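Let me begin by presenting the structure, written as structure tokens, before commenting on it.
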Amino acid sequence: MNAGLNMSETHHSEPKFPLRRTVGPLNLPPEYAQFREEGPLKKVTLWNGERVWLITRREEVRQFMSNPNISAAPETPGYPALTPARVTTVKNYKTFLTMDPPDHTLFRRMLTGEFTAKRMDELKPKVDSLVDRMLDDIIAEGPPCDLHTKLALRLPVTVVSLLIGVPFEDDEQLVELSAAQRDLSVDPQVATRANQEMLAYVDRIIARKEQNPGDGSDMLGRLVLNQIKPGHLSRKDALYMINLLYFAGHETTANQIGLGVLDFLVNPDQRAKLMADPGLLRNAIEEMLRYNSITHFSSSRVATADIDIGGQTIRKGEGVFALVAAANRDPNVFQNPDKFDIERKNAKDHLTFSFGVHHCLGQPLARLELRAVFERLFKRLPNLRLAVPLEEIQFKENMFVYGVKSLPVSW
Amino acid sequence: MQRDEKAQSSGDQVGAGGRPKTVHVKIHRERCIGAGHCVQCDPDVFSQDEDDGIVILTNPEPSPAHYDAVKEAEQRCPSSTIQVVDD
């Protein structure tokens, strides 16, 4: 993928999108700030020459994402395809992520009950003890350690299985298949094959649960009893839904844990503040969500009617990406926005979980896992530090979700 | 959340100490996506259905002391489900 401001290659003198992080792994592409200063909307060009809008400021992102006249469905005329691989994956299987109301509402509501405050309270002691056990293992094995594999990834992979109610047979395979589906640079055929393998696995666990759904004490059991058996949810839709939960349930949180650890390791003053006052934890979690913006922009949207926003008009049929990462560093909302500051009063005004009807379903679970990790990590490992210079840490440049490839630490 | 911060981030025009006499809360239940932010903002006014997580309005006319909290819920709700009418 050719990214970066390469004006000569476009017919419209517009920057290409997506852009690369050229000034350090924890900083955003510098063009984001430039676009945001120019105005709340910016025209850019995609890989296929298609022109789309970026929305760069927090207020306009909020307004746009909650506008009823937008569609997230690939069949809507004008829907922009971010990459060639995405063309294949979004069309191959449909979930409520790429549906609009009323269909979206119907499918999503089959799962909203799984993420209530009550359910999260039930899960909390289990997640807490998982983190304790993983830290026990890490400490027993001794330094150095790849904290990405041993904690950041391992925790959410285990938790998503706990949530669905079926222990995953092969966590490593799940991680590989999920990554192949999500890699923006991968050959579309590779993405499709990984998708098919994952679906075959999910199909087997649904079939087993159909034979023995139990008393509805786990998510998949409830889905079988309350939705599949009465005919509200087809077998195919169930398959795509559970597949979505598997990858959405682990990859995002894994990356945020890894980057969150890094935030504290490169900002020792903030780590000292958190250690001195554990009451800052809740706000610190919001600040890392704001600061890292692991998904830089929303999935594709297309206007289904003319929309007046930020002094411009987005025409019906024009593609749009909400640049959440830029909105999360909007200086009109966040003072000194490029600083990681766990005492920031309005950290929770970030839009990392998006806004509108597609607002992240799993956000209460993500917050629960992040709290469990950061409540314990620096207490159990007070001397935690990077085992290599920051420059040697490798980052996922080609993924829709940003994060570290590995996080070698010592203590 | 501090009143002046909220005014800054939301564009809310009600000044400090300018709470209305009565507060009416309306919900558009068909829009709700069960994010649960409202329950966190004011558990005395909002609740969630235990089965589907969809909002339940437990107190549509809370005392003016709830104004800041219900306005925050209105702002934070990602699916524009909550509407606060004041006078």
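We use all heavy atoms of the structure for the numbers below, so side chains are in, but hydrogens, waters and symmetry mates are not. Since the model is a prediction, treat every value here as computed from it, not as a measurement. In what follows, chains are A, B, ... by sequence order, proteins preceding strands, each numbered from 1.
- Residues of residues 283-293 of chain A lying under 4.5 angstrom from chain B, judged on non-hydrogen atoms, do not exist.
- At most 12 non-hydrogen atoms from other residues, nucleotides or ligands lie less than 6.0 angstrom from NZ of A:K126.
- Applying a 4.5 Å heavy-atom cutoff, the residues of residues 102-121 of chain A that approach chain B are A:H104, A:T105, A:R108, A:R109, A:T112, A:G113, A:T116, A:A117, A:K118.
- Highest contact tally toward chain A, considering only B:S79, B:P78, B:A35, B:G53, is held by B:P78 [criterion: heavy-atom pairs under 4.5 Å].
- Closest approach of A:S66 to B:S80, counting heavy atoms only: CB-OG, 3.9 Å.
- Heavy atoms of B:D51 lying under 4.5 Å from chain A belong exclusively to its backbone.
- The stretch residues 352-368 of chain A places A:F355, A:G356, A:V357, A:H359, A:Q363, A:R367 near chain B, each with some heavy atom under 4.5 Å from a heavy atom of that chain.
- Among the residues in residues 37-46 of chain B, those with a non-hydrogen atom closer than 4.5 angstrom to a non-hydrogen atom of chain A are B:H37.
- B:C77 touches chain A through its backbone: at least one of N, CA, C or O sits under 4.5 Å from a heavy atom, while the side chain does not.
- Around CD of B:E30, the count of heavy atoms belonging to other residues, nucleotides or ligands within 6.0 Å exceeds 12.
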